[in-house]
Amino acid sequence: MPELPEVETVRRGLMRIAAGRQINGIDVLYGKTITNDVEEFRQALIGQTITDIDRRGKYLLFRFTNQLTMVSHLRMEGSYFNQPTGGEVDKHTHVIFHFTDQTDLCYRDTRKFGRMTLVKTGTENEVGGLKTIGPEPTEQDFKLDYFIDILKHSRGKIKPFLLNQSHVAGLGNIYCDEVLWMAKINPEQPANFLSDTQASILRKSIISEIKRATKLHGTTVHTFKNAFGNAGEFQNELQAYGHAGEPCPRCGTTMIKIKVAQRGTTYCPQCQPLRGQDD
DNA sequence: CAGTGCCCCTGAGAGC
DNA sequence: TGCTCTCAGGGGCACT
């Protein structure tokens, strides 16, 4: 499930296999992947060249000549890879961009959740979740004052709060469990019960964890592969996610798994106790 | 407006 | 063996 570090890894791969290439044909094998009219999408892009690939949160932004931007979200299992034109096409490949250099950029997505939307460059912030997306989880963009302020105004649980991309961009289920474990915060803690100290520690954990995971090319669980078909290395670094029933690396207590807002959630009941407002 | 819950999808794995 | 059921989950959307 690509989260920010995985999407950034994909972006870097795409810069090498797609940037600078000119499109001379597009096959759309599963129409729902494209939210535009499929024929208009194809006609608008044929003849265009990919000039750059940017990222905002978990969204990829393919920049084309002719002032066009394709917003691509991988959701659960979307992936890109390249191969020589005419290569084999499996049943989960839904979109193929043919380049003039006789290579293809293929989009594969087993669960068909991923979406692509073509818009005029400059209007991409009106597409889906980009309308309300929060700051990037970096030292410069994700300010402590801002974080403390939005926490105080939310009575919901901290885990779904962090999964909400309008609060801070890029966190998914895996990194949420990791940063809450690092910061010793219970996933069901109401957001407005966090102390300023906890908020500060949590913010630091988010920034450092995303940075560290990006450096290690993301986490490979299930099927995530980067644009070169390689796995990330960060799965070896996970402390909480996927470790239910095992001893907490910090205190040895058995980690437990519960459901929070429909999401599987692993945490240490000893290190991450539920606290009241005055604790 | 904030929060909740359903839905989109398929494959893996469990249970019978 | 083979069927059915459950689970995995990001984000859009309807609803409270």
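Only a predicted model underlies this, so the values are computations on that prediction, with no experimental measurement involved. Each chain gets a letter, A, B and so on, in the order its sequence line appears, and its residues count up from 1.
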J.: Is a donor-acceptor contact shorter than 3.5 angstrom present between the side chain of Arg111(A) and the base of dA8(C)?
T.: yes
J.: Choose from dG3(B), dT10(B), dG10(C) the nucleotide whose nearest atom is closest to any side-chain atom of Ser154(A).
T.: dG3(B)
J.: Respond yes when some side-chain nitrogen or oxygen of Lys91(A) is under 4.0 Å from OP1 or OP2 of dG11(B), and no when none is.
T.: yes
J.: Provide, to the nearest angstrom, the distance between the CG atom belonging to Leu74(A) and the C1' atom belonging to dG9(C).
T.: 14 Å
J.: Taking the six-membered ring for Trp, are the ring centroids of Phe62(A) and Phe97(A) within less than 6.0 Å of each other?
T.: no
J.: Within the 4.5 Å heavy-atom criterion, are Ser79(A) and Val10(A) side-chain neighbours or not?
T.: no
J.: Give a yes/no answer on whether the side chain of Gln165(A) brings an N or O atom under 4.0 Å of OP1 or OP2 in dG11(C).
T.: yes
J.: Do other residues, nucleotides or ligands put more than 12 heavy atoms under 6.0 Å from Lys152(A) NZ?
T.: yes
J.: Quick check on DNA chain B: between Arg263(A) and His153(A), whose nearest nucleotide comes earlier from the 5' end?
T.: His153(A)
J.: Choosing from dC9(B), dG10(C), dG11(C), which nucleotide comes nearest the side chain of Tyr59(A)?
T.: dG11(C)
J.: Confirm from the modelled atom types if Arg75(A) and dG9(C) form a donor-acceptor pair under 3.5 Å, side chain to base only.
T.: no
J.: Indicate yes or no: at least one non-hydrogen side-chain atom of Thr253(A) is less than 4.5 angstrom from one of Pro269(A).
T.: yes
J.: Counting only heavy atoms from other residues, nucleotides and ligands, does the tally under 6.0 Å from CZ of Arg155(A) exceed 12?
T.: no
J.: So do the side chains of Trp181(A) and Glu209(A) get within less than 4.5 Å of each other, counting heavy atoms only?
T.: no
J.: Rounded to the Å, how far apart are Leu162(A) CG and dG9(C) P?
T.: 16 Å
J.: Calculate the interatomic distance between Leu171(A) atom CG and dG9(C) atom C1'; express it in whole Å.
T.: 15 Å
J.: Should Lys58(A) be listed as having a side-chain N or O under 4.0 Å from OP1 or OP2 of dG11(C)?
T.: yes
J.: Tell me whether the side-chain N/O atoms of Lys131(A) come closer than 4.0 Å to OP1 or OP2 in dC13(C).
T.: no
J.: Can you see if the side chain of Tyr30(A) gets near the phosphate of dT10(B) - specifically, an N or O under 4.0 Å from OP1 or OP2?
T.: no
J.: Taking the six-membered ring for Trp, does Phe113(A) stack with dG10(C) (centroid gap under 5.5 Å, planes within less than 30°)?
T.: yes
J.: So does His73(A) get a side-chain nitrogen or oxygen closer than 4.0 Å to the phosphate oxygens (OP1/OP2) of dG11(C)?
T.: yes
J.: Nearest-Å distance, CD (Glu3(A)) to P (dG10(C))?
T.: 6 Å
J.: What is the distance from OH of Tyr241(A) to C1' of dG9(C), rounded to the nearest Å?
T.: 8 Å
J.: Just checking Lys157(A): base, sugar-phosphate only, or nothing, at a heavy-atom cut-off of under 4.0 Å?
T.: nothing
J.: Write down the distance between CD (Gln262(A)) and C1' (dG11(C)), rounded to a whole number of angstrom.
T.: 13 Å
J.: Rounded to whole Å, please give me the gap between CG in Asp109(A) and P in dA8(C).
T.: 19 Å
J.: Rounded to whole angstrom units, what separation is found between the CG atom of Leu130(A) and the P atom of dG10(C)?
T.: 17 Å
